[in-house]
Amino acid sequence: VLNSFYNQFNSVIDKLRDSPEPEEGRQIAHSLKGVCSTIGALEISEIAAKLEKSYLSGDTGNDHLISELELILTPQLAELKKMFSSNENN
């Protein structure tokens, strides 16, 4: 499950920053919110929910939420990558 999460969301910040359409950004945020809720990453899920709501309201100034998400998600993804690398070496 965590490997699937990593593969699906390891570049999510770049995708959100490069997302030209609000609907695309909303869909990414929605997916992240749901998966994080399922795996117990509730803080990430809450930020993704705020981002999704922001896209739904038509707000285009989402950089602060994306940055907040990056601050929390990036270290988690790095830990997963380290864990997967460690498992490959064993």
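Transitive grouping of hydrophobic side chains (ILVMFWY, heavy atoms separated by less than 4.5 Å) brings I39 and M83 into a common cluster. Linking ILVMFWY side-chain heavy atoms closer than 4.5 Å, directly or via other members, places F84 and V1 in a single hydrophobic cluster. Taking hydrophobic clusters as Ile, Leu, Val, Met, Phe, Trp and Tyr residues chained together by side-chain heavy-atom distances below 4.5 Å, L80 shares a cluster with I72.
For the atom pair CD (E70) and CD1 (I47), the distance works out to 11.5 Å, reported to the nearest 0.5 Å. Between atom CD1 of residue I66 and atom CD1 of residue I28 there is a gap of 9.0 Å, rounded to the nearest 0.5 Å. Here L73 contributes atom CG and E68 contributes atom CD; the two are 12.0 Å apart, rounded to the nearest 0.5 Å.
Of the possible polar contacts, one joining the N7 side chain to the N3 backbone as a donor-acceptor pair under 3.5 Å is found. Listed for the T74 side chain is no donor-acceptor partner under 3.5 Å among the backbone atoms of L71.
Using a 4.5 Å cut-off on side-chain heavy atoms (C-beta onward), C36 and F9 make no contact. By the 4.5 Å heavy-atom criterion applied to side chains, S45 and K50 are not counted as neighbours. Y6 places none of its side-chain heavy atoms less than 4.5 Å from the side chain of L2. Residues F5 and N10 are not in side-chain contact: their nearest non-hydrogen atoms beyond the backbone lie 4.5 Å or more apart. Between L32 and L69, some side-chain heavy-atom pair lies under the 4.5 Å cut-off.
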Using residues 20-27 as the side-chain source, report each donor-acceptor pair under 3.5 Å to any protein atom, sequence neighbours left out, with the distance given to one decimal.
residue	atom	partner	partner atom	Å
E23	OE1	R26	NE	3.1
E23	OE2	R26	NE	3.3
E23	OE2	R26	NH2	2.9
E23	OE2	Q27	NE2	3.1
R26	NH1	E52	OE2	3.3

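Under the salt bridge (Lys or Arg N to Asp or Glu O under 4.0 Å) criterion, E79 pairs with K82, not counting sequence neighbours.
A salt bridge is defined here as a Lys NZ or Arg NE, NH1 or NH2 lying under 4.0 Å from an Asp or Glu carboxylate O, and K33 with E46 fails to meet this definition.
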